[in-house]
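Down below is the structure, laid out as structure tokens.
Just follow the structure's listing: the first ligand is 1, and inside any ligand the first atom is 1.
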Amino acid sequence: MKIAIIGAGPSGLSAAKNSIQEGHDVDVYEQTDRIGGTWVFTKEVGLDKYGLPIHTSMYEGLRTNLPKELMEFENFSYPENKTSFITQDTVIKYLDNYTNHFQLSKHIKFNHHVIKVDPLPDDKWNITSKNLIKNELQHKIYDAIIVCTGNFYTPFVPSIRGQKNFIGTSFHSHNYRHADVFRNKRVVVLGAGPSGTGISGLLSGVAKEVYISFSGSLLWAIPSSVIKKPRIALVKENSVQFSDGTEANVDAILYCTGYTTTFPFLSKETGIEVDDNWVKPLYKHIININHPTMAIIGITIRQCPFPLNEFQAKFFLAYIKGTFQKTKNEMWEEYNQEIMDLNMRGVQKKNYHLLGAQQGLYLDVLADTANITRIKPVIHRLYMFQKSLPKTVSYKIINENEFTYDEN
Ligand code: FAD
């Protein structure tokens, strides 16, 4: 089959490797000039030289929030290294090695921005892309399409009372690159997800004062010098008032408030809609039920993106190969049931793709449905276990069920 893959980040690379191994004829469209997606660091923010929004949200000093043992593709390990929580450059080297080892570059159309994806009769696809260097539009027809464009590139900034009155600096973590911009400043970081906790840790000792404002509990440790505060109720000219009535004078507000999932290139005819980060209708979070020769990879949240996204691609490849059969009606039936269950449990739409502790079960269902080998159980065990320990621990996977760890 002729397969188009959109995006040469981690998901696009593993989708390409598996598609090629299945004997498909593959083109990977990548709008930038290199592989790596979010893992590419650049000082640039805003628009690139072609006028496209900078995709990556990577910042200097980032350490992974998952151990590298949970950031591996099938049968391809990181070089021996005691540290489990690695830096951006180790991840990008790993991705470069993977690309070279499986000779993926020759399949990648770099500097090709996909502008539009339209379904054709017989569930084929017309891809319109722009060759950014030649400034030329191109159209090409494919039998199947795998969308791997990531979901952390359209910043979400909540509305807060008085926000417009603030006279200091404010921007989203998507545009944060290094701690120095806040040197000797008083900063309030909004949100305590991976970016909020990671960045407030990096700012401590550089900025004059760091506040982290969040609701719920802290999932990741932060230095004791970072002052914990509840949600911001009101923004004034040069201060913020928290919901407990306390106030802090600040020079900067950094929004680490997450991303909105968008697919600006998918035409209405693809039948894909996004409603508060719920991408629908996707069978098992992957296959477009309206046009099942399209897969969207990597929209599940709170899981291990590298192995899981590769597994999603393998599931889709098994489907288009005919290893398992599912009619659209059967997909709709299962899908509607799953949505009903989510509703009954009171899950908010924005969390419909959240896996968390369900990751293992989800992957086993994919494996059993598609008749492919299950992911090693140690991956799920380690994923659940590592949450409880600091990000300084080193892990070692011993066999498909067990791991050890060293706290020094
Ligand atoms: P991306 O990495 O986003 O790659 C998408 C690619 O698609 C990009 O190269 C982009 O240029 C290309 N593209 C987009 N639109 C188009 C278009 N129209 N035409 C052509 N090309 C296009 N995960 C972990 O496992 N561990 C971590 O520690 C971790 N830390 C993270 C820290 C930050 C700050 C962020 C933002 C994410 C982090 N993640 C982490 C999650 C991360 O998103 C995944 O690891 C991984 O990058 C997802 O890969 P992807 O290929 O799906 O998407």
T64 heavy atoms within 4.0 Å reach ligand 1 at atoms 28 (O)
Going by the 4.0 angstrom heavy-atom rule, the piece of C148 near ligand 1 is backbone
Rounding to 0.5 Å, atoms CZ (F156) and NE2 (H174) come to a distance of 15.5 Å
- Message: I want to know if ligand 1 touches T38 in the polar sense, i.e. an N/O pair below 3.5 angstrom.
- Response: yes
In this structure, atom 30 (N) of ligand 1 is nearest to the protein heavy atom N65 ND2, 3.5 Å
Evaluate the side-chain proximity of K68 to T90: yes if any heavy-atom separation is below 4.5 Å, no if none is.
-> no
Here the gap from L104 atom CG to T99 atom OG1, rounded to the nearest 0.5 Å, amounts to 5.5 Å
Check your understanding: Do the side chains of P292 and M331 get nearer than 4.5 Å, heavy atoms only?
Key -> yes
| task | Flag the pair Q312 / T300 as yes when at least one side-chain heavy-atom distance between them is below 4.5 Å, and no otherwise. | result | yes
Of W39, F85, Y176, Y29, the one whose closest heavy atom lies nearest atom 38 (C) of ligand 1 is W39
heavy-atom search around atom 53 (O) of ligand 1 in the protein gives G150 CA, 3.3 Å
Atom 19 (N) of ligand 1 has as its nearest protein heavy atom V114 N, 2.9 Å
Atom 52 (O) of ligand 1 has as its nearest protein heavy atom S11 OG, 2.6 Å
*Min N/O separation M58 to ligand 1 under 3.5 Å*: no
- Message: Taking distance alone, with N or O pairs closer than 3.5 Å, would you say E30 contacts ligand 1?
- Response: yes
Test T323 against N371 for side-chain hydrogen bond (donor to acceptor under 3.5 Å, both in side chains), laying out the working first. CA-CA 7 Å; T323 308; N371 202 14; over 6 Å; no
| request: Mark yes or no: K229 above the aromatic ring of Y211, with NZ or CZ under 6.0 Å from the six-membered ring centre and no more than 45 degrees from the axis. | output: no
Numbered in order shown, the ligand 1 atoms found under 4.0 Å of a heavy atom of G7 are 6 (C), 7 (O), 12 (C)
For H113, the atoms of ligand 1 under 4.0 Å from one of its heavy atoms are 17 (C), 18 (N), 19 (N)
In ligand 1, the atoms that come under 4.0 Å of a heavy atom of L66 are 25 (O), 28 (O)
| query | How far apart are the C-alpha atoms of K349 and N277, what are their side-chain angles, what is the distance that settles it, and do they pass the side-chain hydrogen bond (donor to acceptor under 3.5 Å, both in side chains) test? | reply | CA-CA 7 Å; K349 283 180 201 164; N277 283 6; over 6 Å; no
> Going by atom types only, do R231 and S215 share a side-chain donor-acceptor pair under 3.5 Å?
Replying inline: yes
Check: Are any of the N or O atoms of Y153 closer than 3.5 Å to those of ligand 1?
Finding: no
min-distance protein heavy atom vs atom 16 (C) of ligand 1 -> Q31 OE1, 3.3 Å
Looking at L62, I199, N151, the heavy atom closest to atom 33 (C) of ligand 1 belongs to L62
Taken to the nearest 0.5 Å, the spacing of N175 CG from I54 CD1 works out to 9.0 Å
**Report entry** Student check: side-chain heavy atoms of I379 and Y383 closer than 4.5 Å
**Finding:** no
for atom 24 (C) of ligand 1, nearest protein heavy atom and its distance come out as M71 CE, 3.7 Å
Among non-hydrogen protein atoms, atom 49 (O) of ligand 1 lies closest to P10 CD, 3.4 Å
Is there any N or O on P305 that sits under 3.5 Å from an N or O of ligand 1? no
for atom 15 (N) of ligand 1, nearest protein heavy atom and its distance come out as T149 CG2, 3.4 Å
Using the ring of each side chain (for Trp, its six-membered ring), is Y335 parallel, tilted or perpendicular to W278, with breaks at 30° and 60°? parallel
At under 4.0 Å between heavy atoms, what of H112 touches ligand 1? The answer is backbone
Original post:
Given side chains that start at C-beta, do those of I286 and I297 come closer than 4.5 Å, heavy atoms only?
Top reply: yes
For F152, the atoms of ligand 1 under 4.0 Å from one of its heavy atoms are 36 (C), 37 (C), 41 (C), 43 (O)
Next item on the list: Check if G298 has a non-hydrogen atom at a distance under 4.0 Å from any atom of ligand 1.
Entry: no
Self-check item: Side-chain heavy-atom pair Q88, E60 within 4.5 angstrom cut-off
Solution: no
